[in-house]
Amino acid sequence: MDLYLNNNSLHLIPNWCKDRHRETSFLPDLRNLELNSNNIGDIGKHSLLCLPRVEVLNLDGIHIGKIRDNIFASMKMLNTVKLSNIGNLKRIESFAFNSSSLISLIMEQTYFHFDRSGFNPQTIFASTPNLEFLSLSHNYFPKDEMIVYSMFSPLVRLKKLILASTRITILPRYVFSKFKSLRVLSLDANKITAWNNGADIFQNMTSLKRLILSNNQIDTVNESSFPPNMLRSVDGIDLSNNPYTCDCNLLWFSDMLKSTPSKFLQYPFAYRCHQPSKFVGRFVMQFVESKKTCPPWNPLYTMAICISSFGIIMVTFIFVGVKCQTNIKNYICLWRVQSSRKKGYIPLPKADDFEHHAFVVYCEADRSLVHETFLVKMEREEGVKLCVHHRDFDVGESITENIDKYLERSWKVVIVKSNEFAKSEWCQWEVDVVQERRRRHGRDVVLLITLESIDSKHMTRRLRTLLDSASPIMYQRGLGEVLFWKAVTESLRKPLGNPPTSQL
């Protein structure tokens with residue numbers, strides 16, 4: 001049974017239910033319902049109840065502002081919905097097309113903005129698992145590939161997809177390759193230009209029989225545009241009326257046209273050159289004969305490109321190495337500390353064998369940096385307890401006695417090295433004391449922090465010996481500062497299971 005109510009002045013959809021419980025229909029055997037070209041301004045959530053056997057619903061040309069959730073859900077035999085030429089459509093609710101029976105959805109010339117926030121791309125087709133035919137021509141599609149992917153990923157049974165005049169500018173990757181049952185894909189009259197990743201776009205589309213890319217902005221087609229398995233299986237590709245640039249880059253395509261002309265729809269008359277000026281208006285097939293103007297690729301070019309690329313890569317590595325050598329050294333130091341510790345960490349104050357994590361050796365010229373930066377960061381933020389002579393030495397005792405006492409009470413020694421440190425005779429003496437500590441407790445007892453490179457005129461035998469036997473951490477500000485502080489903190493935290501023994 002068919003019911004044609006089209007081309008009237010209906011403002012509302014009639015009530016199809018006999019009773020107020022909406023369980024009995026006036027038209028229980030209705031199969032085809034035509035409501036197109038009316039003045040219907042809204043489809044309420046109960047408007048399409050009591051239509052148990054309707055298979056085709058035509059709503060073309062109505063004037064609704066939004067499509068509500070679940071309006072088709074009660075129509076258990078519905079397989080085709082037509083919603084074209086809808087005026088004023090601004091919103092599609094998340095489950096508007098909720099219908100497990102729906103096979104065909106045609107929503108053309110609605111000029112709906114899929115590139116805006118009037119719909120949910122993840123749910124719009126999530127509840128139409130059996131959809132086989134979808135036409136969304138003359139709408140506005142998003143440029144974001146991920147939004148397009150979210151929209152179409154549930155439609156695994158799709159066989160025909162029409163996206164003509166949707167303002168698509170690029171072919172989205174990994175979207176169409178999900179449609180393993182797709183037989184027809186139309187992207188006519190968009191703004192698509194050339195692409196070089198055909199494997200990402202058309203891979204696994206072995207069921208595709210017709211691909212329409214006519215009336216776009218495609219200026220060249222090359223060997224990477226289509227995967228070989230798709231080219232073998234497809235029956236017809238329409239690449240007509242595109243502005244081709246007839247140069248050497250088009251030779252592969254022109255050879256393909258000549259060798260398999262039946263595969264390309266509207267060939268040869270709709271395949272013409274738009275560039276360069278001397279070929280404007282000529283058929284692409286005529287350009288095949290100009291192959292002799294394109295010199296063959298010289299293998300020496302490939303060799304030159306490879307050598308140049310290798311040189312650029314090496315120069316880049318050297319440049320990065322020079323610029324980032326401080327960060328590289330600090331990272332190596334951090335890696336050495338972490339790789340040698342496999343049993344976790346405990347803060348030193350929780351142990352009974354040492355009072356301090358480290359004894360800090362520095363010169364008077366670097367006092368401001370040590371007290372205002374190093375101590376603040378390590379003690380206040382990291383909970384590392386340090387010993388510095390300006391603050392912690394016992395009054396009334398000699399400096400040498402204090403140094404001996406607090407060295408024995410500290411687990412490690414931190415040496416803050418600079419040119420001023422190298423010039424100080426007192427600091428050189430402290431280096432000798434630290435070297436004796438290293439001989440008794442091992443090389444890892446000393447953490448050497450370098451503030452700046454030591455000038456050769458300030459380099460002493462003592463410092464040279466210290467540098468040769470220790471891996472310094474380079475002080476870094478800005479980029480790499482986080483790595484520097486992490487390397488220092490990890491170096492000063494004591495490993496479980498292997499604590500040094502106090503000499504007290």
### K66/E93 salt bridge by N-O under 4.0 Å criterion
yes
### Message
Test side chain to side chain contact (heavy atoms under 4.5 Å, CB included) on F97 and L83; report intermediate values, then the result.
### Response
CA-CA 11 Å; F97 301 120; L83 283 165; 3.9 Å; yes
### Query
Salt bridge check: are E132 and K160 linked by an N-O gap of less than 4.0 Å?
no
### Message
Between Y271 and F283, is the ring centroid distance below 6.0 Å?
### Response
no
### Task
Might you point out which heavy atoms bring T489 and M378 nearest each other, and give the distance in Å?
OG1-CE, 3.6 Å
### Message
Looking at D69 and K45, is there a salt bridge between them, counting it only when a charged N and a carboxylate O are closer than 4.0 Å?
### Response
no
### Message
Parallel, tilted or perpendicular, judged at 30° and 60°: which one describes the rings of F114 and F141?
### Response
tilted
#### Entry: Under 3.5 Å: donor-acceptor pair, side chain of S137, backbone of A164
yes
### Query
Is D42 salt-bridged to R68, cutoff N-O under 4.0 Å?
yes
### Query
So, N190 and T166: side-chain donor and acceptor under 3.5 Å apart, yes or no?
yes
### Query
Can any side-chain N or O of N38 pair as donor or acceptor with the backbone N or O of L5 at less than 3.5 Å?
yes
### Positive for side chain to side chain contact (heavy atoms under 4.5 Å, CB included) with I192, one of N215, L213, N242
L213
### Task
Would you please indicate if the ring centroids of F253 and Y244 are separated by under 6.0 Å?
yes
### Task
Please work out which of the three classes, parallel, tilted or perpendicular, describes the rings of F112 and F119, given edges at 30° and 60°.
perpendicular
